[in-house]
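Whatever order the structure lists ligands and atoms in, that order sets their numbers, starting from 1. For clarity, every value in this text was computed on a predicted model and none was experimentally measured. Count residues from 1 along the sequence.
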Amino acid sequence: MTERYAVIGNPIGHTKSPLIHGMFAKATNQSLHYSAIEGPLDGFVGAVQAFRDGGGRGMNVTAPFKLQAFELADERSERANLAGAVNALKFEGGRILADNFDGIGLVNDIQRNLGMSLAGKRVLLLGAGGAARGALLPLLEAAPAELVIANRSVDKAQTLARQLADRGPVRGGGYGEVGEATFDVVINATSASLKGELPPLSPVVFAADGLAYELVYGKGLTPFLRLAANAGVKRLADGVGMLVEQAAEAFVWWRGVRPDTRAVIDTLTIPLA
Ligand code: ATR
């Protein structure tokens with residue numbers, strides 16, 4: 001029987017998830033149907049229940065419902081708890097299981113697709129909102145030499161660093177406190193690029209042979225990537241690989257089969273220049 005999955009968000013018109021999971025299903029010979037649901041802004045829980053009652057097996061969750069999905073879950077992974085948000089649900093035996101694959105998707109993209117091992121590297125994470133929180137634990141689990149969180153509201157970065165202090169070498173502060181040292185990997189997890197803005201970042205933070213990673217996907221050379229390029233950084237990436245890798249993690253979780261991601265990333269890639 002064809003099993004049903006869906007992504008829920010609002011708006012949902014631009015989602016790539018049905019395309020990604022459709023390609024995964026075809027490549028792995030899995031019989032499933034994956035649709036997009038525009039959840040009512042005041043009716044997320046009802047929409048999830050209706051999908052589950054109709055035989056749905058799992059869902060991806062996107063803005064603005066990731067926090068409500070967190071609340072709705074019966075069981076959450078540790079990384080979902082640390083992120084405070086959930087992007088995937090699995091319906092199993094009357095229970096709702098929840099996880100957050102955004103961070104592991106980011107780490108897998110950097111290490112597997114972009115070929116940069118994070119072990120022993122200096123990593124700078126910009127932002128302390130939902131996107132940054134999702135990335136923190138998977139980044140620390142990749143054993144960097146140091147993970148620095150920089151945020152405009154300094155207290156948020158410091159709080160996150162304190163929460164994770166026993167999980168690895170992490171510190172948090174403002175953009176001015178980042179220091180003059182360079183970083184091998186600089187990740188923009190702020191929402192600045194969505195507004196065409198640039199975090200107040202000094203270009204000296206970029207190591208020329210390092211990687212500048214923009215979490216936002218499909219916006220070309222954002223002000224952050226342009227700053228990095230002007231600072232001499234050769235390796236620039238946007239979030240297309242992360243998008244596909246987080247989907248692959250959900251697919252494995254639901255179906256027990258790991259899809260190859262390369263062809264899907266190639267299909268979705270929009271050139272940066
Ligand atoms: P998301 O879920 O996309 O992370 P969010 O939780 O609203 O969204 O967080 C947005 C993040 O982008 C925050 O870290 C925010 O910084 P503040 O906490 O100081 O507000 C950051 N941000 C947004 N616009 C920014 C800008 N122009 N410069 C620097 N940081 C910015």
Just by distance, do the side chain of [X] and the backbone of [Y] share a donor-acceptor pair under 3.5 Å?
X	Y	value
Lys195	Ser191	no
Asn100	Ala85	yes
Ser193	Gly196	no
Gln111	Leu118	yes

With heavy-atom distances below 4.0 Å as the criterion, list the atoms of ligand 1 near [X].
X	answer
Ala128	14 (O)
Gly127	14 (O)
Gly130	1 (P), 2 (O), 4 (O), 6 (O)
Lys195	23 (C), 24 (N)
Pro199	28 (N), 29 (C)

Considering heavy atoms of the protein only, find what lies nearest to [atom] and give residue, atom and distance to 0.1 Å.
atom	result
atom 27 (N) of ligand 1	Glu197 OE1, 2.6 Å
atom 18 (O) of ligand 1	Lys156 NZ, 2.7 Å
atom 17 (P) of ligand 1	Ser153 OG, 3.4 Å
atom 26 (C) of ligand 1	Arg152 NH1, 3.2 Å
atom 16 (O) of ligand 1	Asn151 OD1, 3.3 Å
atom 12 (O) of ligand 1	Ser191 N, 3.0 Å
atom 9 (O) of ligand 1	Gly129 CA, 3.4 Å

Summary of side-chain hydrogen bond (donor to acceptor under 3.5 Å, both in side chains) pairs that have at least one residue in residues 136-147, sequence neighbours excluded: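 For residues 136-147: Arg122-Glu146, Glu146-Arg171.
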
Residue among Tyr34, Phe101, Phe24 satisfying ring pair (Phe, Tyr, Trp, His ring centres under 6.0 Å) with Phe251: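 So, applying the ring pair (Phe, Tyr, Trp, His ring centres under 6.0 Å) to Phe251 and each of Tyr34, Phe101, Phe24, only Phe24 qualifies.
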
Residue among Arg79, Lys90, Arg258 satisfying salt bridge (Lys or Arg N to Asp or Glu O under 4.0 Å) with Glu249: Arg258

Salt bridge (Lys or Arg N to Asp or Glu O under 4.0 Å) partners of Arg226, counting only residues at least two apart: none

Residues Glu71, Arg76: salt bridge by 4.0 Å N-O rule: no

Is_contact(atom 7 (O) of ligand 1), protein non-hydrogen, under 4.0 Å: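 Within 4.0 Å: no protein heavy atom nearby.
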
Ring geometry between Phe206 and Phe224 (parallel below 30°, tilted from 30 to 60°, perpendicular above 60°): tilted

Can you confirm, on distance only, whether ligand 1 has an N/O atom lying under 3.5 Å from any N/O atom belonging to [X]?
X	result
Thr190	no
Ala131	yes
Pro200	no

